[in-house]
Colleague: 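My questions all concern the structure below.
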Amino acid sequence: MAELRNAEQPPNRGEAGERAERLWARAMTASIVVLIGVIVFTSAHWGLHPPSRVETIDSTSLHEGGEFSEANLGTSIAPDGSAVVRVVAQQYAFVPNCLLVPAGVPVTMRVASADVVHGFLVEDTNVNAMVVPGYVTTVRTTFPESGEHLMPCHEFCGVAHQAMWAHVRIVNAKQFPFDDAKAKAVSCAG
Ligand code: CUA
């Protein structure tokens with residue numbers, strides 16, 4: 001019986017299997033080389049890095065002073081006329097919880113977490129980022145039109161994650177208190 005079965009097998013079956021294996025091994029090696037090439041190209045040629053460019057901060061002492069102390073939170077107008085919006089993300093709120101931003105003005109959002117990983121997105125815009133404790137998340141954009149947007153937290157951060165969100169109120173430049181915002185941070189949080 002054993003002899004019969006051997007005789008039924010085509011003589012080149014083992015060779016065909018090896019050829020297929022070599023072919024797949026080459027295809028896999030080529031795809032790995034291509035993927036490594038893509039990583040090297042995007043990081044070296046495009047300067048693609050994490051959006052925050054790895055700016056670190058001590059998340060445990062945000063409230064003790066410095067850039068993210070309470071008086072600095074909200075929107076300030078920089079000497080070059082652009083807006084800087086500083087926000088602290090913490091379980092389970094953004095501070096301030098209503099951001100007042102002028103339309104048509106370059107905006108830099110700087111967000112730091114006081115505890116765990118959070119995320120934020122401004123609905124109907126391209127703003128969408130993670131906030132990792134120990135790092136400052138920086139997002140640059142310009143909001144072209146006035147309007148109200150929701151800014152929910154989109155990283156699960158604990159039992160009340162779904163209740164963590166802020167408003168973003170974009171007003172046209174005439175309605176924005178530029179003079180106040182040059183002296184201190186402003187917001188629409190009540
Ligand atoms: Cu903060 Cu989810």
Side-chain angles (χ1 to χ4, degrees), residues 39 42-43 46-78 82-172 175-177 180-181 183-190:
I39 292 169
T42 54
S43 57
W46 287 347
L48 213 63
H49 300 292
S52 65
R53 297 214 168 233
V54 200
E55 196 180 331
T56 57
I57 193 164
D58 179 4
S59 283
T60 60
S61 62
L62 293 181
H63 58 286
E64 287 170 12
E67 180 181 351
F68 289 92
S69 64
E70 206 173 342
N72 288 335
L73 300 181
T75 305
S76 311
I77 298 300
S82 70
V84 182
V85 184
R86 291 188 178 85
V87 180
V88 166
Q90 61 189 33
Q91 290 167 318
Y92 296 95
F94 292 100
V95 184
N97 63 22
C98 183
L99 310 179
L100 186 66
V101 186
V105 169
V107 173
T108 302
M109 297 185 74
R110 289 174 62 76
V111 186
S113 167
D115 37 48
V116 300
V117 174
H118 299 277
F120 67 99
L121 62 86
V122 181
E123 287 186 334
D124 306 321
T125 72
N126 64 349
V127 175
N128 184 335
M130 276 175 82
V131 188
V132 180
Y135 298 90
V136 179
T137 299
T138 303
V139 177
R140 290 189 180 82
T141 190
T142 300
F143 299 109
E145 292 169 8
S146 58
E148 292 271 348
H149 301 262
L150 281 181
M151 187 176 97
C153 175
H154 64 54
E155 292 287 339
F156 182 77
C157 53
V159 289
H161 154 72
Q162 80 285 352
M164 180 172 172
W165 45 272
H167 285 284
V168 179
R169 182 172 300 161
I170 302 164
V171 296
N172 65 46
Q175 289 168 313
F176 185 83
D180 290 354
K184 63 175 178 57
V186 300
S187 77
C188 43

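First listed ligand is number 1; within each ligand, the first listed atom is number 1.
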Colleague: Of the backbone and side-chain N, O or S atoms of Cys157, does one lie nearer to atom 2 (Cu) of ligand 1 than 2.8 Å?
Modeller: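 Under 2.8 Å: Cys157 contacts atom 2 (Cu) of ligand 1 through an N, O or S atom.
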Colleague: Less than 4.5 Å apart, side chain to side chain, heavy atoms only: is that true for Phe94 and Leu99?
Modeller: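 Counting from C-beta outward, Phe94 and Leu99 never come under 4.5 Å.
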Colleague: Can you find a pair of side-chain heavy atoms, one from Arg140 and one from Pro106, that are under 4.5 Å apart?
Modeller: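 When only atoms from C-beta onward are counted, Pro106 and Arg140 do not touch, as no gap falls below 4.5 Å.
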Colleague: Would you say atom 1 (Cu) of ligand 1 has Tyr92 as a near neighbour, meaning an N/O/S atom of that residue under 2.8 Å away?
Modeller: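 Not a single backbone or side-chain N, O or S atom of Tyr92 is under 2.8 Å from atom 1 (Cu) of ligand 1.
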Colleague: When you measure from atom 2 (Cu) of ligand 1 to each N, O or S atom of His161, which atom gives the shortest distance?
Modeller: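 Restricting His161 to its N, O and S atoms, the minimum distance to atom 2 (Cu) of ligand 1 goes to ND1.
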Colleague: Using 2.8 Å as a strict upper limit, say whether an N, O or S atom of His118 approaches atom 2 (Cu) of ligand 1 that closely.
Modeller: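 So His118 does not count as coordinating atom 2 (Cu) of ligand 1.
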Colleague: What's the O-atom 2 (Cu) of ligand 1-SG angle here (Glu155, Cys153), rounded to 10 degrees?
Modeller: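 O of Glu155 and SG of Cys153 make an angle of 90° at atom 2 (Cu) of ligand 1, to the nearest 10°.
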Colleague: Which pair of non-hydrogen atoms, one from Ala185 and one from Ala71, has the smallest distance, and what is that distance?
Modeller: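 Closest approach of Ala185 to Ala71, heavy atoms only: CB-O, 3.7 Å.
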Colleague: With heavy-atom distances below 4.5 Å as the criterion, would you say the side chains of Val127 and Met151 are in contact?
Modeller: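 Contact flag for Val127/Met151 side chains = no.
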Colleague: Does CD in Glu70 sit with more than 12 non-hydrogen atoms of other residues, nucleotides or ligands closer than 6.0 Å?
Modeller: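 For Glu70, atom CD is not crowded (no more than 12 foreign heavy atoms under 6.0 Å).
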